[in-house]
Every structure is written in structure tokens, then in C-alpha cells.
Amino acid sequence: IPEYKVGDEFVFGVATVEDTQRVISVSGTEAVFESRIFGTMNQPKAFTIPAKWTGSNLALPNEATITEGDLSTIFPLQVGKTSEARGRGLFGGNRLDVYIRCEVVSVQNITVPAGRFDTFLVDCNYRHANGDIRYVYWYAPQVGHWVRVIRGNSAAHELKSYKRA
């Protein structure tokens, strides 16, 4: 499971916008990031769970609470490994039951603005009453964080730079 320290910083390009995400606190299974786009994000270290974010005018509040299962069991990452969970979440302003299934699909060497990385492609499907949302992560062990993510139909977030505390 990724380990974060206060002061870790990840800069992402999102379409034409740049977003700096800085770790401001760490406890147990969670890291709290401060983001220009999303405000304060309470993000489980097992990045496969949607963050809870507040304090931003650029994104709707979003959160998910796992009530059954543990998505962190996908670590250590290995091709073919899956993880499932059920919970309740706030998606697009609606509180809905959610079923989440993640799978490590492949190992890929990709290039993002921050450089070239060996990554694990992790495909997560969040199923709820309003439909499915697909999150695809490219996790780079050498960075200890994902270097690209596509959330639903949104533009890809790609790592531009990072520094570890």
C-alpha cells in the first residue's frame, strides 16, 4: 500500500489545467491532500476508493464509505489480482449504494510529462443505481503513486512532476 509523508507533492496536468496535490496529513489508512481543483481530499492510501473532497467550487462533493470488503487487498499489485467492496457513496449529489470491483489488468511502460514509468494498470468499476463509473489508474511503484488516471469520461490526469518529503 502506498506510503505518504506530509509534504509529498504531485503536480498533474488535467486537460489545460495544472493541479498541485500536496499531502497535509497522514493517519492509518488515509492521506489528506490539498488540491487546487478538488480542495481538501481525504484519500485512502489504497487509491482505488474515491476520495472524499470538500472546499472546491470546481468539483461536486464526492465520497464513498466502504461497508463490506477491503479494496486495499489489491496490494501488493500483481497482474490478475482483483479486489471487491460494497458501500455507500455520494456521486453527483446523489447518495447511492455502490459495488466496486478493481482488477490489475497489465503491466505497462508509459510516458507522461514527468517521465517514463513502469506501471500497473488498475481498472476499477463503480456500479450504482445511476450507472457505472470506470476509473483506470496507472500506478508506478517507483513513484509510490499513480502517474495517470482517467475517471469516467473526464480528461486524464497525468503526472507532470513530483517530490517526496
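Computed over heavy atoms, backbone and side chain alike; hydrogens, waters and symmetry mates excluded. Owing to the predicted nature of the structure, the values given are computational and were not obtained by experimental measurement.
Summarising the hydrophobic clusters (Ile, Leu, Val, Met, Phe, Trp, Tyr; side-chain heavy atoms under 4.5 Å, direct or chained), the residues clustered with Tyr99 are none.
For the pair Ala31 and Tyr4, the tightest heavy-atom approach, listed with the atom from each and the gap, is CB-CD1, 3.8 Å. Considering all non-hydrogen atoms of both residues, Ser161 and Ala114 come closest at N-CB, 3.9 Å.
Using cut-offs of 30° and 60° for the angle between ring planes, the Phe12 and Trp146 rings count as parallel.
Each of Arg86, Arg127, Arg88 was compared with Asp97 under the salt bridge (charged side-chain N to carboxylate O under 4.0 Å, His left out) criterion, and only Arg88 meets it.
Counting only heavy atoms from C-beta outward, the side chains of Asn42 and Thr40 approach each other to under 4.5 Å. Using a 4.5 Å heavy-atom threshold, the side chains of Thr119 and Asn109 count as separate. Looking at heavy atoms from C-beta onward, Ile150 lies in side-chain contact with Trp138 at the 4.5 angstrom threshold. Using a 4.5 Å cut-off on side-chain heavy atoms (C-beta onward), Tyr139 and Pro2 make contact. Between Val147 and Glu158 there is no side-chain heavy-atom pair separated by less than 4.5 Å. For the pair Val107 and Leu121, the minimum side-chain heavy-atom distance is 4.5 Å or more. In this structure the side chain of Pro44 never reaches within 4.5 angstrom of the side chain of Thr29, judged on heavy atoms. Using a 4.5 Å cut-off on side-chain heavy atoms (C-beta onward), Phe33 and Phe10 make contact.
Between the side chain of Asp123 and the backbone N or O of Val136 there is no donor-acceptor pair closer than 3.5 Å. Using modelled atom types, one side-chain atom of Ser83 and one backbone atom of Asp70 make a donor-acceptor pair closer than 3.5 Å. The main-chain N or O of Gly28 is found under 3.5 Å from a side-chain atom of Lys45 such that the two form a donor-acceptor pair. At least one donor-acceptor pair closer than 3.5 Å links the side chain of Ser35 to the backbone N or O of Ile37.
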Side chains of residues 74-82: which donor-acceptor pairs under 3.5 Å do they make with residues two or more places apart or in other chains?
from: Lys81; atom 1: NZ; to: Thr73; atom 2: O; distance (Å): 3.4
from: Lys81; atom 1: NZ; to: Phe75; atom 2: O; distance (Å): 3.4
from: Lys81; atom 1: NZ; to: Pro76; atom 2: O; distance (Å): 3.1

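Heavy atoms from other residues, nucleotides or ligands lying under 6.0 Å from CG of Asn153 number 12 at most. Within 6.0 Å of the CZ atom in Arg134, the count of heavy atoms belonging to other residues, nucleotides or ligands does not exceed 12.
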Test side-chain contact (heavy atoms from CB on, under 4.5 Å) applied to Glu34 and Ile24, step by step:
CA-CA 7 Å; Glu34 196 164 71; Ile24 58 173; 3.9 Å; yes

Going through the distances and angles, do Glu3 and Lys5 end up as a salt bridge (charged side-chain N to carboxylate O under 4.0 Å, His left out)?
CA-CA 7 Å; Glu3 287 298 324; Lys5 293 181 181 174; over 6 Å; no

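By the side-chain contact (heavy atoms from CB on, under 4.5 Å) test, Glu18 is found to be paired with Val11, Lys160, residues two or more places apart in sequence or in another chain being considered.
Between the side chains of Arg116 and Thr111, at least one donor N or O lies within less than 3.5 Å of an accepting N or O.
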